[in-house]
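Note: hydrogens, waters and symmetry copies are ignored here, and every other heavy atom, side chains too, is used. Ligands are counted one by one from 1 in listed order, and the atoms in each one are counted from 1 as well.
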Amino acid sequence: MKYIIKGLKNLVKIKKQLTQKQGILLSRMLGNYFFAFLKISENVPLPLEFQIEPSAVCNLRCQACSFKDSKKTDNSFLSKENFIKLIGEMAFIKTINFTGIGESLLNKNLSGLIKIAKNKKIQTLLITNGQLLNKKTVEDLLKSGLDKISISVESGKVDYYEKIRMGAKFEILKNNIILLEKAIKKNNSNLQVIINAMLLPETLKDISHLVKLIDLASLCKVNLITMQFPHNIHDFGIQNYFGKDKEKLRKTFNILKHYGEEKKIAVNFPSVNYKKGQCYYPWIYPQITSSGELLPAV
Ligand code: SF4
């Protein structure tokens with residue numbers, strides 16, 4: 001409970017530093033929190049999966065990221081000591097998703113944190129923008145026992161990717177994924193690589209973004225792509241896909257599914273059903289920031 005109150009106070013504090021749009025987003029998040037809070041009863045089991053943030057700073061400034069101006073502080077990186085303390089208090093935890101409002105690979109202790117989790121038999125997933133993967137980081141990740149790595153890429157079109165992921169280079173991304181897949185093969189590792197695409201208005205309007213994404217996966221020998229909608233669909237102006245344009249969306253998904261099959265790549269799509277005000281994240285997928293606050297969700 002004390003972590004929930006601390007997290008809530010933190011949200012209210014950062015609200016003052018936000019733009020109007022970010023403030024609205026945060027208010028929605030608080031709304032979800034309140035909604036979830038009312039429904040918590042003693043019978044609701046504790047979450048099995050947590051998002052834990054190794055780094056609160058990032059090497060990129062993506063257009064779709066609401067916290068692109070986060071600054072480095074003493075608490076920007078989760079330390080090994082705090083991580084051990086955290087998971088020591090959460091014996092019920094089964095999966096850790098290393099992610100947050102920052103790039104996890106910037107935390108020099110990342111592979112150490114993963115090793116600690118693996119020693120406790122916890123499943124681990126790392127979400128990364130992929131730009132900082134190199135020989136050394138890949139080697140460390142393979143040694144850590146990481147189970148899955150999800151690389152965020154919204155489009156296979158170079159110009160668009162570099163425009164929305166400010167600071168990223170498509171060529172670097174491509175070479176890094178190839179390097180990763182080669183290392184996995186060479187080391188006979190079970191690490192699963194996933195390309196994850198957040199669906200944006202432009203990529204839904206012009207299917208070639210996602211067709212080229214499948215081409216990228218094929219070139220890099222990644223055999224799974226997952227797609228998801230942004231949580232705040234109204235801010236991205238894609239709410240019509242859950243109403244009058246639902247059929248169009250289904251057709252798009254169908255074309256991509258078949259193209260993926262041709263290339264021997266599984267493409268997982270999100271549900272096209274959406275009900276306003278529903279958010280299950282606080283119950284099953286809360287987040288702990290690098291400084292130790294518990295948030296209902298990102
Ligand atoms: S890489 Fe992730 S955390 Fe960094 S700016 Fe982009 S969306 Fe935000």
Side-chain angles (χ1 to χ4, degrees), residues 10-11 14 17-19 21-26 28-29 50-73 75-78 96-108 110 113 125-134 137-138 141 148-177 180 193-203 209 213 216 225-233 235-236 238 270 281 285-291 293 295 297-298:
N10 192 43
L11 286 176
I14 58 173
Q17 304 157 9
L18 302 177
T19 62
K21 197 173 168 195
Q22 288 168 339
I24 293 169
L25 284 178
L26 188 59
R28 284 214 186 132
M29 203 158 91
F50 271 75
Q51 301 175 73
I52 295 186
E53 182 182 70
S55 163
V57 288
C58 193
N59 54 325
L60 302 185
R61 294 292 180 268
C62 302
Q63 280 182 4
C65 185
S66 45
F67 285 81
K68 52 179 163 263
D69 292 325
S70 59
K71 299 267 180 326
K72 208 171 182 174
T73 68
N75 290 325
S76 291
F77 299 111
L78 178 62
I96 293 176
N97 178 351
F98 288 97
T99 186
I101 301 156
E103 169 52 47
S104 303
L105 285 170
L106 284 171
N107 185 327
K108 295 200 168 27
L110 180 66
L113 304 183
L125 162 71
L126 167 66
I127 297 182
T128 171
N129 59 44
Q131 291 287 315
L132 300 174
L133 288 168
N134 56 38
T137 51
V138 165
L141 289 176
K148 291 180 188 173
I149 180 166
S150 172
I151 303 169
S152 310
V153 194
E154 288 71 29
S155 166
K157 284 189 168 182
V158 181
D159 290 355
Y160 184 71
Y161 170 81
E162 292 182 356
K163 184 178 141 209
I164 58 164
R165 291 223 159 236
M166 285 161 64
K169 288 278 169 246
F170 192 84
E171 192 64 14
I172 291 179
L173 172 82
K174 186 184 79 187
N175 291 337
N176 289 355
I177 304 176
L180 174 65
V193 183
I194 303 160
I195 287 182
N196 182 64
M198 193 197 280
L199 297 165
L200 300 172
E202 292 81 355
T203 61
H209 286 283
L213 187 70
L216 172 75
I225 296 178
T226 54
M227 295 189 181
Q228 63 176 107
F229 291 111
H231 304 309
N232 39 345
I233 58 164
D235 296 296
F236 283 85
I238 54 174
Y281 272 35
Y285 197 41
Q287 193 203 20
I288 295 175
T289 68
S290 61
S291 52
E293 280 92 10
L295 305 181
V298 179

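Annotation: side chain of Leu113 is in contact with side chain of Leu78 (closest heavy-atom distance under 4.5 Å). Proximity of Phe98 to Thr128: side-chain heavy atoms (C-beta onward) are nowhere separated by under 4.5 Å.
Here Glu103 has no heavy atoms under 4.0 Å from ligand 1, in either its backbone or its side chain. At a heavy-atom distance under 4.0 Å, only side-chain atoms of Cys58, from C-beta outward, approach ligand 1.
Those atoms of ligand 1 that come under 4.0 Å of a heavy atom in Arg165, given as number and element, are 1 (S), 6 (Fe). Set against the non-hydrogen atoms of Asn129, the atoms of ligand 1 under 4.0 Å away are 1 (S). Within the listing of ligand 1, atoms 5 (S) sit less than 4.0 angstrom from a heavy atom of Leu60. Listed by atom number, the atoms of ligand 1 under 4.0 Å from Cys62 heavy atoms are 1 (S), 5 (S), 6 (Fe), 7 (S).
At a cut-off of 2.8 Å, Cys65 does not coordinate atom 6 (Fe) of ligand 1 through any N, O or S atom.
What you find for Leu110 and Pro54 is that their closest heavy atoms are CD1-CG, 3.8 Å. Taking each heavy atom of Leu132 and Thr137 in turn, the nearest pair found is O-OG1, 3.3 Å.
Checked options Arg165, Gln63, His209, Met227; the residue passing with Glu154 is Arg165 (criterion: side chain to side chain contact (heavy atoms under 4.5 Å, CB included)). A side chain to side chain contact (heavy atoms under 4.5 Å, CB included) with Ile151 is found for exactly one of Asn196, Ile194, Leu133, Leu126, namely Leu133.
The shell of residues lying under 4.0 angstrom from ligand 1, judged by heavy atoms, excludes Met166.
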